[in-house]
Amino acid sequence: MSQQDPNQVQIPTAGPQYPQQPVQGPPPGWQPPKKKTHKFRNFVVFPFVGLIALIVVISAAAGGGGGANTASTKADTKTSAPAVQPKASAKPANKAPATTEAPKVTEAPKATQAPAEVKCTGNRNDPCEIKLGVAYTVGKHTMQKGWKLKTEEFLGTKLIGTLANSSDDTSTAFFTVKFLKGSAVVANFQCSSSELEPKQTEDIECINMSDVSKSLKPGAYNKITAEADF
């Protein structure tokens with residue numbers, strides 16, 4: 001039940017003995033009691049409320065910045081994908097092949113070079129084996145390198161070359177060059193020169209005395225000899 005203020009005047013309004021009358025206000029000169037003012041409470045409460053509001057604002061600002069940093073961190077996390085480490089191959093390493101010995105190299109037989117010059121040291125009419133085109137010396141004269149056979153129509157084969165006097169005296173050359181097939185003479189060339197001073201040279205032609213009209217082809221002989229006549 002609600003308590004009534006003892007200072008409030010109660011005017012009965014109900015009942016048969018009380019006719020309905022207009023409600024009257026407080027008597028003249030009546031004033032409500034004054035409320036006490038708490039000065040100390042107002043002095044403490046307002047600064048405290050302001051401090052709480054300031055803390056709330058700072059917290060909200062810090063929370064907003066933290067949210068931005070968090071969002072940035074999340075965006076960076078989404079953008080930069082983690083590096084994918086290559087998987088190690090499970091296959092075993094191939095073994096190095098066994099060392100095989102290098103094949104032995106068979107050296108080709110060295111070719112026998114023809115001598116630069118053949119010197120016939122025997123006496124006159126003593127055959128000395130020579131090679132076509134290789135320089136040779138018979139007696140006092142030397143047929144220089146490059147001598148050869150020359151075949152002419154209707155004249156057969158001739159032996160041509162350059163002859164030099166290899167002695168210290170004036171001398172005339174007379175010698176024979178034979179081409180043989182086994183023991184058979186297939187060509188017999190008579191060679192001669194004019195009188196030559198020491199170290200003088202002369203181009204000569206030797207005539208085939210066996211068969212002038214017959215040409216001498218490679219393979220028709222297997223040996224060549226030279227011998228001085230005088």
Side-chain angles (χ1 to χ4, degrees), residues 91-230:
K91 296 182 179 180
N94 295 329
K95 294 182 179 180
T99 304
T100 56
E101 295 183 358
K104 295 182 180 180
V105 179
T106 304
E107 295 183 358
K110 295 181 179 180
T112 304
Q113 296 182 355
E117 182 179 348
V118 178
K119 290 185 178 181
C120 299
T121 58
N123 298 325
R124 291 179 179 180
N125 299 320
D126 186 7
C128 172
E129 187 171 356
I130 60 174
K131 300 292 183 182
L132 182 64
V134 178
Y136 62 92
T137 299
V138 177
K140 297 180 180 181
H141 301 86
T142 301
M143 182 70 84
Q144 295 182 352
K145 179 180 177 181
W147 62 276
K148 60 183 179 179
L149 298 174
K150 179 181 179 181
T151 301
E152 295 181 356
E153 190 176 3
F154 307 114
L155 297 176
T157 302
K158 295 181 180 180
L159 187 153
I160 61 175
T162 301
L163 189 69
N165 182 2
S166 56
S167 69
D168 296 330
D169 301 324
T170 302
S171 177
T172 302
F174 292 98
F175 61 96
T176 301
V177 178
K178 295 179 180 179
F179 286 74
L180 299 94
K181 183 70 170 181
S183 59
V185 177
V186 294
N188 185 0
F189 293 95
Q190 295 294 322
C191 304
S192 62
S193 69
S194 60
E195 190 176 71
L196 300 174
E197 298 295 330
K199 311 305 179 185
Q200 282 186 340
T201 62
E202 181 181 11
D203 292 336
I204 63 173
E205 289 185 355
C206 305
I207 305 301
N208 185 4
M209 304 302 293
S210 298
D211 188 350
V212 177
S213 61
K214 184 178 181 180
S215 61
L216 186 62
K217 297 180 180 179
Y221 57 90
N222 53 19
K223 185 178 180 179
I224 307 173
T225 62
E227 56 186 278
D229 296 332
F230 296 101

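Position 1 is the first residue of the sequence, and the numbers go up from there.
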### Task
Mind checking the NZ-CD1 spacing from K131 to I224? Nearest 0.5 Å is all I need.
8.0 Å
### Message
With heavy-atom distances below 4.5 Å as the criterion, would you say the side chains of C206 and V177 are in contact?
### Response
no
#### Entry: Separation between OG1 of T225 and CD1 of I130, rounded to the nearest 0.5 Å
7.0 Å
### Query
Quick check: does any side chain N or O of T157 sit under 3.5 Å from a backbone N or O of L149, one acting as donor and the other as acceptor?
no
### Message
So does K140 get a backbone contact from the side chain of S166, meaning a donor-acceptor N/O pair under 3.5 Å?
### Response
yes
### Message
Taking E227's backbone N and O only, do any of them form a donor-acceptor pair with D126's side chain (distance below 3.5 Å, no angle check)?
### Response
no
### Query
Given side chains that start at C-beta, do those of P127 and K178 come closer than 4.5 Å, heavy atoms only?
no
### Distance in Å, K199 NZ paired with D168 CG, rounded so as to fall on 0.5 Å steps
6.0 Å
### Task
Give the intermediate values and the outcome of side-chain contact (heavy atoms from CB on, under 4.5 Å) for residues F189 and L216.
CA-CA 11 Å; F189 293 95; L216 186 62; 4.2 Å; yes
### Query
Between I204 and H141, is any pair of side-chain heavy atoms under 4.5 Å apart?
no
### Task
Compare every heavy atom of V186 with every heavy atom of S210, then report the nearest pair and how far apart it is.
CB-O, 4.3 Å
### Query
Does W147 reach the main-chain N or O of L132 with its side chain, forming a donor-acceptor pair under 3.5 Å?
no
### Task
Working to the nearest 0.5 Å, report the span between CG of N208 and CG of L159.
9.5 Å
### Query
Can you find a heavy atom in the side chain of K158 that is under 4.5 Å from one in the side chain of I207?
yes
### Task
Please examine the side chains of P198 and T170, heavy atoms only from C-beta on, and report whether any two atoms are closer than 4.5 Å.
yes
### Min side-chain heavy-atom separation N188-T176 under 4.5 Å
yes
### Query
Between K150 and E152, is there a side-chain N and carboxylate O pair less than 4.0 Å apart?
yes
### Message
Using a 3.5 Å distance criterion without hydrogens, assess whether the side chain of E202 forms a donor-acceptor pair with backbone atoms of S194.
### Response
yes
### Message
Is the shortest side-chain heavy-atom distance between L163 and F175 below 4.5 Å?
### Response
yes
### Message
Testing the basics here: between E195 and Q200, what is the closest heavy-atom pair and its distance to 0.1 Å?
### Response
O-OE1, 4.3 Å
### Task
Identify the heavy atoms of C128 and V118 that sit nearest to each other, and give their distance.
SG-CG1, 4.0 Å
### Query
Is any side-chain heavy atom of E117 closer than 4.5 Å to a side-chain heavy atom of T142?
yes
